[in-house]
Asks: 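Sharing a structure, written as structure tokens. Questions coming.
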Amino acid sequence: MLNYSWSINDKKLSGKKVPIKQFNQIVKNVSRKFRIKNKLFFDLSFVDKNQIKNINKKYRKVNRQTDVISFAFYDSKSTIKSPLLGEIFICFEVAQKQAKENKWSLIEELCFLFIHGILHLLQYDHQTEKEYAKMMKIQNNILKEVIIK
């Protein structure tokens, strides 16, 4: 079963805006869908635009803001199996902007980004069109289960 902790590192954000109920449902759905039996942990941090830009620049060599960044602690080739999956960083400000652009609620956008981050921790990627299509299909199916309920 997936477990996570979350923190807010964005002074403009209050915990009231974080859709924890939906995030908890996502974690349950992903655990069930991927048959995750062992206890696996990850951290989620909400950061501001400057922080996400700095993380993106330092670790991905991309000097711009982004919506979500995930760091998996191991990959499929790793021989070390740890219960620590990794870290996810979400920029609330970018999520707000994208929600408007995508014409859906902020909760939907945050859930979409949260699922996206978890899938990266589970070794999904979108380097090719085929990978992108597969990842988006999984992501959208999980989102529908959470938002419609």
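Position 1 is the first residue of the sequence; numbering continues from there. No hydrogens, no waters, no symmetry mates; every other heavy atom, side chains included, goes into these values.
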Asks: With sequence neighbours left out, what residues match Met136 under side-chain contact (heavy atoms from CB on, under 4.5 Å)?
Replies: Phe112, His116, Tyr132, Gln139, Asn140
Asks: What's the shortest heavy-atom distance between Asn50 and Asp48, and which atoms?
Replies: N-OD1, 3.1 Å
Asks: Locate the shortest heavy-atom distance separating Gln127 from Asp125; write the atom from each residue and the value.
Replies: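 Reported closest heavy-atom pair: NE2-OD1, 3.4 Å.
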Asks: Is the closest side-chain donor-acceptor distance between Gln25 and Asn29 under 3.5 Å?
Replies: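 On atom types as modelled, these side chains qualify, holding a pair under 3.5 Å.
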Asks: Do Phe34 and Ile26 share a hydrophobic cluster, counting only Ile, Leu, Val, Met, Phe, Trp and Tyr and linking them when any side-chain heavy atoms are less than 4.5 Å apart?
Replies: yes
Asks: If the condition is side-chain hydrogen bond (donor to acceptor under 3.5 Å, both in side chains), which residues does Asn56 pass it with, not counting sequence neighbours?
Replies: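 Result, side-chain hydrogen bond (donor to acceptor under 3.5 Å, both in side chains) vs Asn56: Arg60.
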Asks: Just jot down the ring pair (Phe, Tyr, Trp, His ring centres under 6.0 Å) partners of Tyr4, sequence neighbours excluded, or say none.
Replies: Phe42, Phe114
Asks: So, do Met1 and Ile36 sit near enough that their side-chain heavy atoms are less than 4.5 Å apart?
Replies: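 A side-chain contact is absent here, since even the closest heavy-atom pair is not under 4.5 Å.
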Asks: Please list all pairs passing the salt bridge (charged side-chain N to carboxylate O under 4.0 Å, His left out) test where one or both residues lie in residues 130-140, with sequence neighbours left out.
Replies: none
Asks: Taking the six-membered ring for Trp and the full ring for Phe, Tyr or His, determine whether the centres of Phe73 and Phe41 are under 6.0 Å apart.
Replies: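 No, they do not, as the ring centres are separated by 6.0 Å or more.
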Asks: Are Leu44 and Leu122 linked, directly or through other ILVMFWY residues, by side chains that come within less than 4.5 angstrom of each other?
Replies: yes
Asks: Partners of Lys58 by side-chain contact (heavy atoms from CB on, under 4.5 Å), sequence neighbours excluded?
Replies: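 Listed in chain order: nothing, the list is empty.
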Asks: Among the clusters formed by ILVMFWY side chains lying less than 4.5 Å apart, do Trp6 and Val47 turn up in the same one?
Replies: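 No; Val47 is not reachable from Trp6 via cluster members.
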Asks: For residues Cys111 and Gln22, report the shortest heavy-atom separation together with the two atoms involved.
Replies: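 Result for this residue pair: SG-CB, 3.5 Å.
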Asks: How would you list, by chain and number, every residue that makes a side-chain hydrogen bond (donor to acceptor under 3.5 Å, both in side chains) with Ser5, sequence neighbours excluded?
Replies: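 By the side-chain hydrogen bond (donor to acceptor under 3.5 Å, both in side chains) rule, Ser5 matches Asp43.
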Asks: Do Leu121 and Val146 belong to the same hydrophobic cluster, where Ile, Leu, Val, Met, Phe, Trp and Tyr are linked whenever their side-chain heavy atoms lie under 4.5 Å apart, directly or via other members?
Replies: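 Yes, Leu121 connects to Val146 through the hydrophobic network.
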Asks: Does a side-chain heavy-atom distance below 4.5 Å link Leu143 with Ile115?
Replies: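 Side chain of Leu143 against side chain of Ile115, heavy atoms only: contact under 4.5 Å found.
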Asks: Determine, using the 4.5 Å side-chain heavy-atom cutoff (strictly less than), whether Phe71 and Tyr124 are members of one ILVMFWY cluster.
Replies: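 Not linked; separate clusters.
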Asks: Tell me every residue that passes salt bridge (charged side-chain N to carboxylate O under 4.0 Å, His left out) with Lys97, counting only those two or more places apart in sequence or in another chain.
Replies: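 If we apply the salt bridge (charged side-chain N to carboxylate O under 4.0 Å, His left out) test to Lys97, skipping adjacent residues, the hits are Glu101.
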Asks: What pairs meet the side chain to side chain donor-acceptor pair (under 3.5 Å) rule with one or both residues in residues 61-71, with sequence neighbours excluded?
Replies: Asp67-Gln98
Asks: Could you walk me through whether Asn9 and Gln51 pass the side chain to side chain contact (heavy atoms under 4.5 Å, CB included) test, one step at a time?
Replies: CA-CA 9 Å; Asn9 299 316; Gln51 290 169 315; 3.9 Å; yes
Asks: For Glu108, enumerate each residue passing the side-chain contact (heavy atoms from CB on, under 4.5 Å) test, keeping only those at least two apart in sequence or located in another chain.
Replies: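 With neighbours one apart ignored, the set is Trp104, Ser105, Ile147.
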Asks: More than 12 foreign heavy atoms under 6.0 Å from NZ of Lys57: is that the case here?
Replies: no
Asks: List the steps, then state whether side chain to side chain contact (heavy atoms under 4.5 Å, CB included) holds for Leu40 with Leu2.
Replies: CA-CA 5 Å; Leu40 299 175; Leu2 288 176; 3.9 Å; yes
Asks: Please enumerate all residues that pass side-chain hydrogen bond (donor to acceptor under 3.5 Å, both in side chains) together with Asn102, with sequence neighbours excluded.
Replies: Glu109
Asks: Can you name the nearest heavy-atom pair linking Lys17 to Leu110, along with the distance?
Replies: O-CD1, 3.9 Å
Asks: Show which side-chain atoms of residues 83-96 pair as donor or acceptor with protein atoms under 3.5 Å away, not counting sequence neighbours.
Replies:
residue: Glu93; atom: OE1; partner: Lys49; partner atom: N; Å: 2.9
residue: Glu93; atom: OE2; partner: Lys12; partner atom: NZ; Å: 3.2

